[in-house]
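Letters go in sequence order (proteins before strands), and every chain restarts at 1. Not measured: the values here are computed from a predicted model.
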Amino acid sequence: MRFSRAFIPTLKETPADAQVVSHVYLVRGGYLRQLAAGIYNLLPLGWRVIKKIEDIVRDEMNRAGAEEVLMPASVPAELWQESGRWQVYGPELLRWKDRKGAEFCTGPTHEEVIVDMVRRDTSSYRDLPLNLYQIQSKFRDEKRPRAGLMRGREFIMKDAYSFDRDEAGALKAYDAMYAAYGRIFKRCGLDFRAVEADTGAIGGSRSHEFQVLAESGEDAIVSCDTCDYAANVEQAEIMKPAEPGIQGAGELTAVATPTQKTIDDVSKFLGVAPSQLIKTLVYMADGSAVAAIIRGDRELNEIAFKKAVGATQLYLARDEEVVAATGVAPGFVGPVGLNIPVYADLELEGATGAVTGANRAGHHNTGVDLARDAKVTKFASIRLAGGGDKCPRCPGGHFRPFKGIEVGHVFFLGTKYSVPMKCNFLDEDRQTKPMVMGCYGIGITRIAAAAIEQNHDANGICWPLAIAPFEVEVISLQPGDAAVKAAADALYAELTAAGVEVLYDDRDERPGAKFKDADLIGVPLRIAIGARSLKEGKLEFKRRTDKDATLIAADGAAAYVAGLVAAEKATFRS
RNA sequence: CGGGGCGUAGCGCAGUCUGGUAGCGCGCUUGGUUCGGGACCAAGAAGUCGGAGGUUCAAAUCCUCUCGCCCCGACCA
């Protein structure tokens, strides 16, 4: 592609609405433009990247035995009513009516459609197993779309669904997808972890998220420093503590803490470490107030807490609800004398000498002995895992905390959809049985963003070769110089003929502008052709991640660079 | 959905408090000089000031309503 003819509108300045690096560079580099909140145009460069990612995903899905289909984005409501999700899904589901008043939704995921597709034409165990996938635009009306391609409302996703006759077969399909996902993300050049995840609303017994490690990630994960256990903090197992997490002495004493409401304030005011405090959080569980108590330096795991309480609806109580339930404002609530159910983290079993709110405005208790002074309804593991926690899978290992961007998710579904939607088959023993399913998603557009989060510097993107919009950028430094132009034209032609994807910057711009654009766009290999070095019969070669260029012979340069590209591509397929 | 912020030329912003001819930088066009890490000079084109209504002799500026976008939080297969 000749840059002079291409639609690559690069920007010198940072757009005001972009906050994260991937968003900034995608917009500045001429990959992406916003059309509405969470809805984007992919410009030529952006679309090239997406297609590269799609190709890798297709290749590995096909290799794993899955077949590609394409389902419609518009889905009749009846299917969602049949699965029961029409009522459950909430405003994130974009619903609309056609001219006749028939209800539809724009698919945020396609379990219903695929189940319907499969059940119509599959009736025998001989037809199973099946694994069907598609790459398609999804729409989820997110409350708060943000960060460019990281969390859009309309986005491209690969979703696959497996159908098996029994659980053993389904687990085999799950494992095959798990392995394929590992290959896919590796080929995309990503540093990722497969982590154990909460199965969430979709249910099922097994679930892994594929998380790309990046500071800007929205998910908190922990990974063992010794073995390969990794999990979402919400899901990570926590070792039962050998001894109480708070140990101290003293009589139960109320002390004045007039304006100290937060753990931090109380800790500083009383000169006591946050780990000596007990944090009390009031929640509304199915309409009634319950308290969760955890150590002051911990965070509550709402999912675990919800399970411990056995509630179906749970939310942090509003200030007035806290006052109504406890008689005191948040910040001064404590377990001593509290007359709502109290759920305590395991770590607090046997806690002594702790500091808590006193259920009296402007006061905290010190010297609290939980067993002696308070009534605990139930002890359960209700805190989030964090860095430093002991690994539950190996001796001596400890958790290290990471931030992750979820680029893939595999679920074992079981019969969650096949039973209500009667997706059945006839077995050898003439029994009608529901198919056992799995579903497997990959955020295609999100991978592009995640790759940039992980591969960039102060000047722009540093694409992994496998998903770069072009493999090589050829820069003609003096397009007005006949010798330079001839050499650059020839190199462009030779590389292209050799099957290399080349962006040829033939624009009548000053060298500085071209170098800046090249760094911003982030093509992995760069060859600059200038009068100075061409006189010596040399071209200037530089990887995007190299600091300086090296001189290579102009003769045979195309073959040399084409060889490098071919060699690097070969390493992608294991 | 709760809280906060912002809508003025393609992009980034000033002007709004205190009403009085709509500005600056980048980009764009033309000419000239330049030419190895986002050049310089000169001359230009380009804006119904998000929209509607109101107050006023006069509204980007004040009032009411509305739409859009961004951030924090809650939420999330």
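- Note on A/Glu302: only backbone sugar-phosphate atoms sit closer than 4.0 angstrom, heavy atoms only; bases stay farther off.
- Among B/G37, B/C70, B/A77, the nucleotide with an atom closest to any side-chain atom of A/Phe515 is B/G37.
- At the phosphate of B/G68, neither OP1 nor OP2 sits under 4.0 Å from any side-chain N or O atom of A/Gln34.
- In the set B/G12, B/C69, B/G36, B/G12 carries the atom at the smallest distance from any side-chain atom of A/Ala16.
- Between A/Trp463 and A/Tyr31, the ring center distance clears the sub-6.0 Å criterion.
- If you check B/A74, B/C69, B/G36 against the side chain of A/Asp17, the one that comes closest is B/C69.
- For A/Arg85, whose side chain is taken as the heavy atoms from C-beta onward, the closest listed nucleotide among B/G12, B/G38, B/A77 is B/A77.
- The residue among A/Ala528 and A/Pro108 whose nearest nucleotide of RNA chain B lies closer to the 5′ end is A/Ala528.
- Between the side chain of A/Arg146 and the base of B/G73, no donor-acceptor pair of N or O atoms lies under 3.5 Å.
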### Audit row: A/Ser476, A/Tyr504, side chain to side chain donor-acceptor pair (under 3.5 Å) steps and yes/no
CA-CA 8 Å; A/Ser476 169; A/Tyr504 174 24; 4.7 Å; no
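- The nucleotide whose nearest atom lies closest to any side-chain atom of A/Arg510 is, among B/A77, B/C1, B/A39, B/A39.
- Counting only heavy atoms from C-beta outward, the side chains of A/Ile114 and A/Leu132 approach each other to under 4.5 Å.
- At the heavy-atom level, A/Arg28 lies under 4.0 Å from base atoms of the strands shown.
- For an aromatic pair to be called close, the ring centres must be under 6.0 Å apart, and A/Phe192 with A/Tyr181 fails this.
- Side chain of A/Met157, nearest nucleotide from B/G12, B/C76, B/A77: B/A77.
- Under 3.5 Å, the side chain of A/Asn459 and the base of B/G37 form no donor-acceptor pair of N or O atoms.
- Comparing B/C76, B/C70, B/A77 by their closest approach to the side chain of A/Phe411 singles out B/A77.
- Listed nucleotides B/C72, B/G36, B/C69 differ in distance to A/Arg144; the shortest reach to its side chain belongs to B/C72.
- Residue side chain A/Glu13 does not reach the base of B/G27 through any donor-acceptor N/O pair under 3.5 Å, judged by distance alone.
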